[in-house]
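Heads up: the structure comes next, in structure tokens.
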Amino acid sequence: MTETSSHPLLSVVVPVRNEQGNIAPLVADIEKACAAIGPFEVVYVNDGSTDGTAAALAELAATRPWLRVITHAQSCGQSAAVRSGVRHARSAIVATLDGDGQNDPAFLPQMVEALQKAGLQAGMVQGQRVGRKDTGFKRWQSKIANGVRGRVLKDDTRDTGCGLKCFRREAYLALPYFDALHRFMPALMAREGHKVLHVDVRDRPRLTGVSNYGFFDRLWVGILDLAGVWWLIRRRKRVPQIVSETP
């Protein structure tokens with residue numbers, strides 16, 4: 001690692017499973033977007049891929065000192081992959097995006113700037129997709145899931161499923177961890193007393209391959225997660241805003 005890349009201003013975490021054809025073009029897009037931010041690193045988490053994802057990442061990392069690769073020996077899911085990446089990240093500010101190319105990295109500078117300008121009271125910036133490129137059925141799934149979640153959790157976020165997020169590493173690691181955490185981050189950040197900001201982002205078509213998530217991943221399992229998050233929020237009565245030590 002170079003001196004600048006070992007002290008990055010931003011760590012971009014990208015979880016992937018069987019995304020061989022999407023690796024190179026997305027890495028190029030991330031590099032272009034982050035050039036305006038300053039020193040950065042990109043942490044890819046290979047979540048048990050069985051295609052050529054590992055080889056594609058190794059080839060790119062050989063000539064890019066800012067590209068790091070974390071590998072899960074077997075697939076553990078998107079939330080686990082994101083957590084592995086954040087734990088290995090070197091920056092106090094972390095951004096995430098999906099590895100299929102649908103999240104446009106061009107919005108990363110805007111999200112980082114919004115988080116920095118809001119000050120330490122802001123815990124995260126959540127991307128909210130416009131012009132969705134998914135199938136009608138997947139858009140219907142998301143609409144139902146986001147509608148139910150919004151009514152139950154009242155998190156003022158219309159699209160928590162968007163992989164484009166920017167947040168403070170310390171705030172994320174303090175959240176209670178469970179599978180599907182990435183879909184409930186705005187509500188849990190608010191639970192801890194952090195301000196949540198929103199940025200509209202452009203959705204793109206998937207570059208190659210097919211989605212690794214199906215109907216039951218998005219809806220029925222999510223009902224149990226929703227109940228658990230609702231319980232966590234109900235149990236948190238007061239968040240200390242100022243903590244000081246008496247001399």
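Everything numeric here is computed off the predicted structure, so don't read it as measured data. Sequence positions, counted from 1, serve as the residue numbers for this chain.
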Donor-acceptor contact below 3.5 Å, side chain Arg68 vs main chain His88
yes
Heavy atoms only: give me the nearest Ile30-Pro105 pair and the separation to one decimal.
CG1-CG, 3.8 Å
Indicate yes or no for a side-chain donor-acceptor contact from Thr71 to the backbone of Asn46 under 3.5 Å, with no hydrogens or angles considered.
no
In short, Ala118 meets Leu197 closest at the heavy-atom pair CB-CD1, 3.6 Å
For the backbone of Ala80 and the side chain of Tyr177, can you confirm whether one donor and one acceptor N or O come within less than 3.5 Å of each other?
yes
So, His72 and Ser84: side-chain donor and acceptor under 3.5 Å apart, yes or no?
yes
For Phe167 and Met185, work out which heavy atoms get closest and say how close.
CD2-CE, 3.6 Å
Let me confirm one number: the CZ-CG distance from Arg168 to Leu173, rounded to the nearest 0.5 Å.
14.0 Å
Between Asn103 and Asp98, is there a donor-acceptor pair closer than 3.5 Å when you use the side chain of the first and the backbone of the second?
yes
Donor-acceptor pair, side chain of Gln102 and main chain of Arg204, under 3.5 angstrom:
yes
Hey, is the main chain of Asp51 close enough, under 3.5 Å, to the side chain of Ser49 for a donor-acceptor pair?
no
Student check: side-chain heavy atoms of Ile93 and Gln116 closer than 4.5 Å
yes
Would you mind telling me which of Asp200, Asp104, Asp203, Asp159 makes a salt bridge (Lys or Arg N to Asp or Glu O under 4.0 Å) with Arg129?
Asp159
Value for NE2 (His198) from OG1 (Thr160), rounded to nearest 0.5 Å, stands at 9.5 Å
Donor-acceptor contact present, side-chain Asn18 to main-chain Thr50, <3.5 Å:
yes
Between Thr96 (side chain) and Val13 (backbone), is there a donor-acceptor pair under 3.5 Å?
no
So which atom in Leu108 and which in Ala95 form the shortest heavy-atom distance, rounded to 0.1 Å?
CD2-CB, 3.7 Å
Check: Cys162 main-chain N/O paired with Gln126 side-chain donor or acceptor under 3.5 Å
yes
Could you tell me which non-hydrogen atom of Leu188 sits nearest to which non-hydrogen atom of Pro176, and how far apart they are?
CD2-CG, 4.4 Å
Would you give the length of the straight line joining atom NE2 of His182 to atom CZ of Arg83, rounded to the nearest 0.5 angstrom?
14.0 Å
Under 3.5 Å, is there a donor-acceptor pair between the side chain of Lys195 and the main chain of Gly119?
no
In terms of hydrophobic clusters joined by side-chain contacts under 4.5 Å, are Leu120 and Leu9 together?
no
Do you know which two heavy atoms are closest between Gly123 and Met189, and how far apart they sit?
O-CE, 3.9 Å
